[in-house]
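In what follows, a single structure is set out as structure tokens and then discussed.
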Amino acid sequence: MNAHRIVTLQLGSITAYKNLESQSCTLETIEINSENLQLSAMSPDYTKLLVARYLEENGFTNTLSAFLDETDLSLVDLNNVALSGERMKLTELVKDRIKFDEQLLLKKERNRADNEFPLTKWNYRNTFKCEELEQSKSLPVTAKLVLLPTKELYLLISKANKTTTVMKFSSDCKWESNNIIQHDNICKEIGYFEGTNYCYFISIDGKLVTYDILNTTMLQTFPLNTRMVSHAKIIPSNIKGRWYLSYCGLDSKLRVAEIILKQDDTFDLNILNQVQLLSKCTAIEATLHPETGDPVIFVSRFEYSSILVFCMTQANTILHLSNIALNDAQFMSHSFHGLDMTINENASNPKKSQIVVATSHTPFMRLIVINLGDIWKEIPSMLSEETFTSYNSIILNMLTNIPQDSYSQPILEWSDREKGLIVGSNDGLYAVDLSKNDSWQLSTYFANRRIKLLTSDHRGLLVVGTADKALFSCSFVKMS
């Protein structure tokens, strides 16, 4: 790889740029004064220092002496030079470089044809219709569509006034108010225990409360050992009556809990383990490994341009398996992170499932599609090896026309019926056809309206809440 260096002298500093690839560059600053010298990773002296430190740390004293004789470095330079950022070692740089080159070569050799990793095409035969459910006095926070075993459809809407409105879908295809639940605190998350009549609420004070939808009864309360839950995802286990709950709070810890429905219709919640993240969580997703059945958790964290992949083992240990790089280059001039993500499950062939990540890029959002088949193949070998970064899983890096800023909180919903992605943004509601790299506003009715909640079900129903406290029921209808 050819590297080009441009050095610009500024007042009291030198700014060095290195162009690693045609679309990637990195920026490093060298502060210069009479006592302290910081060296850019692009300067020849930096390379000499890495070699000298390697020789010194590994006890090659004779070779170090000969190396210092043949270079313009001295022991004083070696002891006084302060490296910018974390102290890097030559062995770590070489190892990471080899891993990156191996995966880059593999990516170039692989056939990324559509028949190998097909991107679903949007169903253009349906038209989008929307009607207002209510104009509330309180801001909607989150919502959940719940289809009970009795085939009854319910809608649960959490609001900022510490209430949850429960609505039932009637036989004449209308939403009717069924109950209003009063909480001690605002509910941040609403989830459903599939195959039962029960759901749960997670409040901002870090408590989980179970609720009987049919009998309109609050059941049990469980502490989640965190000040506040910012993100949560529940998935059913392969064992009936058991679920895995993965969640993160303000303490930047990922916790995994097991929830068990007992024969007397009461619940047990056991926090299995936790792991500390280096920055706050910005998005979370989870699914079961198609072969082992172990829960696999995907976490995006603030200002980190990779997705962290964790696996909950049968020994209740959370293993950090790998990082999925969201960029093709090993070095970038800036960091970005995922703001939301959703999994497109392929039931017939789980190895072709994909995860879609909405990034924090401004002024327009990027959508990155990752092939999970690579992750499933790598997990068995990861269990006995150290964590590494995968650069070879991106199928699509799509620039959308969805505007966003540093305060945006996009919401991704995968529509099984429309075979595409629906995005709630601070500028309205958008549809995305991944196969055509195309995105457009679903309805001008939502133009310039900030979307606060978005939830859907497999039948194509969609519930949308806006920042002006309005709530809408939407659907896709076949054009006549």
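Only a predicted model underlies this, so the values are computations on that prediction, with no experimental measurement involved.
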Just verifying a value: how many Å separate [X] [atom1] and [Y] [atom2], rounded to the nearest 0.5 Å?
| X | Y | atom1 | atom2 | value |
| --- | --- | --- | --- | --- |
| H320 | N323 | NE2 | CG | 3.5 Å |
| N270 | L245 | CG | CG | 12.0 Å |
| N161 | L139 | CG | CG | 9.5 Å |
| T455 | L145 | OG1 | CG | 4.5 Å |
| D212 | T196 | CG | OG1 | 8.5 Å |
| L326 | S300 | CG | OG | 7.0 Å |

Quick one, [X] and [Y] - any side-chain contact, counting heavy atoms below 4.5 Å?
| X | Y | value |
| --- | --- | --- |
| T313 | L319 | yes |
| N197 | P149 | yes |
| L429 | I422 | yes |
| I297 | V256 | yes |
| V299 | L277 | yes |
| R366 | M398 | no |
| F298 | I343 | yes |
| L367 | L421 | yes |

- Message: Under the rule for side chain to side chain contact (heavy atoms under 4.5 Å, CB included), what residues qualify as partners of T444, not counting sequence neighbours?
- Response: none

- Message: Test of understanding: with side chain to side chain contact (heavy atoms under 4.5 Å, CB included), list the residues that count as partners of R449, not counting sequence neighbours.
- Response: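 So R449 forms a side chain to side chain contact (heavy atoms under 4.5 Å, CB included) with Y445, T466, D468, A470, F472.
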
Where do [X] and [Y] come nearest, in terms of heavy atoms and distance?
| X | Y | value |
| --- | --- | --- |
| G206 | V229 | CA-CG2, 4.4 Å |
| N426 | P403 | OD1-O, 3.2 Å |
| S408 | R450 | CA-NH1, 4.4 Å |
| V357 | G338 | CG1-CA, 3.8 Å |
| S230 | K188 | O-CE, 3.4 Å |
| S435 | K121 | OG-CG, 3.2 Å |

Please determine, by modelled atom types, if [X] and [Y] share a side-chain donor-acceptor pair under 3.5 angstrom.
| X | Y | value |
| --- | --- | --- |
| N273 | N316 | no |
| N401 | S439 | yes |
| T142 | S158 | no |
| W175 | S473 | yes |

- Message: Taking the ring centre of each residue, are H337 and F302 less than 6.0 Å apart?
- Response: yes

- Message: Taking the ring of W122 and the ring of F128, is the distance between their centroids below 6.0 Å?
- Response: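 No; W122 has its ring centre 6.0 Å or more from that of F128.
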
Does [X] [atom1] have over 12 foreign heavy atoms under 6.0 Å away?
| X | atom1 | answer |
| --- | --- | --- |
| N437 | CG | yes |
| I180 | CD1 | no |
| Q314 | CD | no |

- Test Y304 against T282 for side-chain contact (heavy atoms from CB on, under 4.5 Å), laying out the working first. CA-CA 10 Å; Y304 187 63; T282 57; over 6 Å; no

Donor-acceptor contact below 3.5 Å, side chain [X] vs main chain [Y]:
| X | Y | answer |
| --- | --- | --- |
| D340 | L412 | yes |
| S322 | V309 | no |
| Y244 | D294 | no |

Identify, with sequence neighbours excluded, every residue that meets salt bridge (charged side-chain N to carboxylate O under 4.0 Å, His left out) alongside [X].
| X | value |
| --- | --- |
| K436 | none |
| E413 | none |
| R255 | D251 |
| E303 | none |

Which residues satisfy the ring pair (Phe, Tyr, Trp, His ring centres under 6.0 Å) test with [X], sequence neighbours excluded?
| X | answer |
| --- | --- |
| Y430 | none |
| Y192 | none |
| F201 | H183, Y211 |
| H231 | none |

- Task: Any chance you could lay out the side-chain contact (heavy atoms from CB on, under 4.5 Å) test for L153 and L155, step after step, and finish with the verdict?
- Result: CA-CA 7 Å; L153 183 63; L155 171 63; over 6 Å; no

- Note on the structure: Only residue of F193, F222, Y200 satisfying ring-ring contact (aromatic ring centres under 6.0 Å, His included) with F267 is F193

- K159 bridged to E134 by N-O distance under 4.0 Å: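 Yes, K159 and E134 are salt-bridged.
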
- Task: Given side chain to side chain donor-acceptor pair (under 3.5 Å), test D427 with S425 step by step and report yes or no.
- Result: CA-CA 5 Å; D427 190 49; S425 74; 5.5 Å; no

- Task: Output every pair passing salt bridge (Lys or Arg N to Asp or Glu O under 4.0 Å) with a member in residues 266-287, not counting sequence neighbours, ordered by first then second residue.
- Result: K233-E285, K262-D268

Name the atoms and distances for all side-chain donor-acceptor pairs under 3.5 Å in residues 235-243, with sequence neighbours left out.
unit_1 : atom_1 : unit_2 : atom_2 : d
S237   : OG     : I239   : N      : 3.1
R242   : NH1    : E258   : OE2    : 3.4

